[in-house]
Each structure stands twice: as C-alpha cells, then as structure tokens.
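Worth knowing before you read on, the calculation uses all heavy atoms, side chains too, and leaves out hydrogens, waters and symmetry mates.
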Amino acid sequence: MSSIQAVRMLTPGPTPIPDRVRLAMAAPIPHHRKQEFKTLLAENQVLLKKLFHTESPVIPLASSGTGSMTAAAFNLFQPGEKVLVAEAGYFGRRWVDIVKMRGLEPVILSRPAGASFDPEEIRAMLDADPAIRGVFMQISETSTGVLHPVREAAAVTRGRDVLLVADGISAVSISPVDMDGWGIDCLLTGSQKGLMLPPGLAFIALSERAWKRVETMPQQCYYFDLLQERANCLKNQTHYTSPISLLMGLHEALTMLFEFGMDAVYRKQWALTQMARTGVKAMGLELLVKEEGRCTWGLTSIALPPDIPASPVVDKAFREYGVILTAGQAELKERVLRLAHMGWVDWGDLAAGLHALAWSLPQRPQGAYLEAALEAYHTALEQYPG
Ligand SMILES: *Cc1c(COP(=O)(O)O)cnc(C)c1O
C-alpha cells in the first residue's frame, strides 16, 4: 500500500535502514568462498571487534538474535548444570526457556517490569550456591526499556568460575558496551536494532575462558557449532553458506558508524532518550522506568493509565501519521507503549513520533511538549556525560 506520507519505524526492531546500506546490499554478490568476499569478512572482523571492544573473534550467524542466544546456551553449558538467570521481562524469560530447553537448571532472580537488579544480590546468590556455573542476563531489556547493571555483574563473575552471558541485542551500537574491559564472557547482538540492518544476522563473541570451556565440551548443536564457526571465522569464512548480502550491508553499516564515531552515536542515542522522556512527561504520561540512570538508550516505555489501552493508540499513530509505535509484550501488552529511537533515527523522526503519540491519545495533551522535548535534546547533546 502506498501512502503520501513517510512511514517511520520507531520500533525496537526492525529499524530504518540508511540508503547507503540498502544500496550496498543491492550490489551483485561475490561468491562466498572467493577472495573478494574473504577480504570483506576480514574488514568486518576488525570493525566488529572494535564495536564489541574485544580481542576475540566476533562470529556472525545467519539467524535472528534468538539464534545467538541459543548458540550461547548450547555451546557453553552441559545438561544438568546450574545457572542463574536474572530476568525482569519478556526477554529475560526467553533466557529461562532456552536454558531449560538445553537441560540446564535455572535459579531465577526476578524483578518486576521496569525494575533492574542489584548486583549485590547476584553476588549473594553466587556465594550461596557454588554450583552455579553461569549468569544469563540482558544488557537492555527491550520489553521494558531497563538498562541492567551488566558491568557491575561482570565485576562479580570475573573473579569466579562463573561465565557471564550478556544479551546485548538492543544495547550494542546503542549505548557503550566494553566486552573485554568489563569482563563479559559471552556478548551477543542482532542486526535489526542498532546496527541499521535488516533482520537475519546475529553476532556472538566469547572470552578466552569461555572458549576454553567450549573446547572441553562435546558439540551438541549441529547448526550453531561455535568451534566450527570460530575455525572458519579465523580464515575469514563462515562454516555454512554466508548470508552474503547482509554481510555486505554490515560492512557499509559499520563503516558508517565508525565514520560518525561511536562516541557521537552514543551521544545522539543518549540525547534522543532525554528528548523522549522529557516529551512523554510533558504530555502528562508516566514513564515505566523511573530511574534516569537505568533507562536504555534505544527506547522509551510509557506506563499507560488503565483507561488507555495501547493497541488503539498504536493503530491510530500508524493509520493517521505513518508512525509505527509498539505495544507492550505479554502481560504488558495493553499497559505499556514503546516508543523506540534506535539506529538510523534522529531528532526529526522522534519529534514525528512524539507528535503522532500525542495526537493518537484519546485526549490530546495540552502544553508545549514538543518544544520541551527538542530543548531537552539539545541540552543533552551539550551535557552528554560519556
Ligand atoms: C529483539 C531482541 C531479542 C530477539 O531477537 P530476534 O531477532 O527477534 O530473535 C532478544 N533479546 C533482546 C534484548 C531483544 O531486544
């Protein structure tokens, strides 16, 4: 269906794709076993390692993000092992489901929607049960918009024989993540959030000690065999047929990100977050994540009043204004509305999003919420603490 107005995808995946990346993916594909493609993969490795802040290979997988979560659970742990899952929402519960399917025994640390974890609690649980071999968590819980204290959790796990597995799908390339510096043992992400690419690629990197563990384990996952993938990655190949076009798009997207500079990217993401939060509050709406330091930099969740369900607002914003917002997930479906601002999104897109949100509410809010939001954006750019 064509429309006279632009469609703006302010969703936590997929996200808009820059023309440069679309064109790179439209080019004729080289054969994936020939030198031209190996050169491209070698360049991708350099950039991916810089993005993850790691010396380890960053392995691309032909799958959605959940494929890399599956690869982590099946390559790093054996059935019967105990792991801690820190869950505070829909994607945390996905960890619980995946580790159970792997036959692991999860000990679950739960937090309500909009809340985060106290790393001291993780420490206490690990102290209390030395059989726990790993900790699974999200960096950014996309169902609520909470930024979890992964750096602090890694400070707890790195001194023990416990692997920290961090789902960075809505964090990597959106807010700073330092895999080696923080001591993350397994960092993963996907293509369709901050990386300005279509869905279909996932990435996973393991620390040295995590690789040691993988090396001692019998491989039990045919497709996501990380030892095979690493051996190929070191030869600038993928084990199975490469998703060639997506990896060409990745090369262009990473080139763009480093042309801007990651600091400028994070600064923009932080300023957009301040802009969204200020605009939403100025409309008289309530933020789901109250604590400023604990909100993710790629989306803003609104806790709707009981008399305003999310779906009609989402429907109207798309129908009337061409803006794609997202309702909550699972039990939050009608109670939460998510306004995402990750990847190839700028202040103009977010202004359109705030306008569409305001005009799609049953009662149009009063006040200069757009002015306030834009002012917050510019102030935040100047005061970026990074
Ligand atoms: C989007 C997302 C996923 C799932 O990714 P898919 O690509 O849909 O498999 C997992 N975890 C987080 C934190 C996400 O934001």
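Applying the salt bridge (Lys or Arg N to Asp or Glu O under 4.0 Å) test to residues at least two apart or on different chains, the pairs with a partner in residues 265-278 are R277-E292. Note on residues 54-74: no pairs pass salt bridge (Lys or Arg N to Asp or Glu O under 4.0 Å), not counting sequence neighbours.
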K82/L104 under side chain to side chain contact (heavy atoms under 4.5 Å, CB included): CA gap, chis, key distance, verdict: CA-CA 6 Å; K82 237 184 200 182; L104 309 181; over 6 Å; no
Give the C-alpha distance, both sets of side-chain angles, the deciding distance and a yes or no for side chain to side chain contact (heavy atoms under 4.5 Å, CB included) between L254 and L51. CA-CA 8 Å; L254 291 171; L51 179 68; 4.1 Å; yes
What's the verdict on ring-ring contact (aromatic ring centres under 6.0 Å, His included) for H148 and F117, showing C-alpha distance, side-chain angles and the deciding distance? CA-CA 7 Å; H148 289 315; F117 308 106; 4.4 Å; yes
The test is side chain to side chain contact (heavy atoms under 4.5 Å, CB included); show your working for V336 and T144 and say whether it passes. CA-CA 8 Å; V336 163; T144 59; over 6 Å; no
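Side-chain atoms of T273 come within 3.5 Å of backbone atoms of W297 as a donor-acceptor pair (strictly under, hydrogens ignored). Side-chain atoms of T216 come within 3.5 Å of backbone N or O of R213 as a donor-acceptor pair. The closest donor-acceptor contact from the side chain of Q45 to the backbone of N236 lies at 3.5 Å or more, if one exists at all. In this structure, the side chain of E291 does not engage the main chain of G293 through any donor-acceptor pair within 3.5 Å.
Stacking of K100 on the aromatic ring of F136 is not recorded, the 6.0 Å distance cut-off and the 45° axial limit not both being met. Y321 does not carry K316 over the face of its six-membered ring by the limits of under 6.0 Å from the centre and within 45° of the normal.
Comment: D19 engages R22 in a salt bridge, judged by a side-chain N to carboxylate O separation of less than 4.0 angstrom. Ion pairing between E331 and R93 holds under the 4.0 Å rule for side-chain N and carboxylate O. In summary, R123 and E152 do not engage in a salt bridge, as defined by a charged side-chain N under 4.0 Å from a carboxylate O.
Around CD of Q35, the count of heavy atoms belonging to other residues, nucleotides or ligands within 6.0 Å exceeds 12. Residue-environment remark: CZ (R151) stays at or below the threshold of 12 foreign heavy atoms within 6.0 Å. Around CD of E208, the count of heavy atoms belonging to other residues, nucleotides or ligands within 6.0 Å does not exceed 12. Within a 6.0 Å sphere centred on CE of M101, other residues, nucleotides and ligands contribute 12 heavy atoms or fewer. Heavy atoms of other residues, nucleotides or ligands lying less than 6.0 angstrom from CD of E371 number 12 at most. Residue Q5 qualifies as enclosed at atom CD: its count of foreign heavy atoms under 6.0 Å is above 12.
H251 and N44 form no side-chain donor-acceptor contact under 3.5 Å, judged by distance and modelled atom types alone. Inspection of the R111 and S116 side chains reveals no N or O donor paired with an N or O acceptor under 3.5 Å.
Residues V177 and F52 form no side-chain contact, since every pair of their non-hydrogen atoms from C-beta on lies 4.5 Å or further apart. Looking at Q220 and R102, their side chains come closer than 4.5 Å, going by heavy atoms from C-beta outward. Proximity of L247 to P60: side-chain heavy atoms (C-beta onward) are separated by under 4.5 Å at one or more points. No side-chain heavy atom of T300 sits less than 4.5 Å from a side-chain heavy atom of V289.
Remark: S56 OG to L187 CG distance equals 10.5 Å, nearest 0.5 Å. Q237 CD to F37 CZ: the interatomic distance, rounded to the nearest 0.5 Å, is 8.0 Å.
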Would you mind writing out the side-chain donor-acceptor pairs for residues 375-386 within the sub-3.5 Å range, not counting sequence neighbours?
residue	atom	partner	partner atom	Å
T379	OG1	E375	O	2.8

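Relative ring orientation between Y223 and Y240 is described as parallel, the plane-to-plane angle staying below 30° on a 0-90° scale split at 30° and 60°.
When the options I184, V135, T157, L76 are evaluated for a side chain to side chain contact (heavy atoms under 4.5 Å, CB included) with L163, the one that passes is L76.
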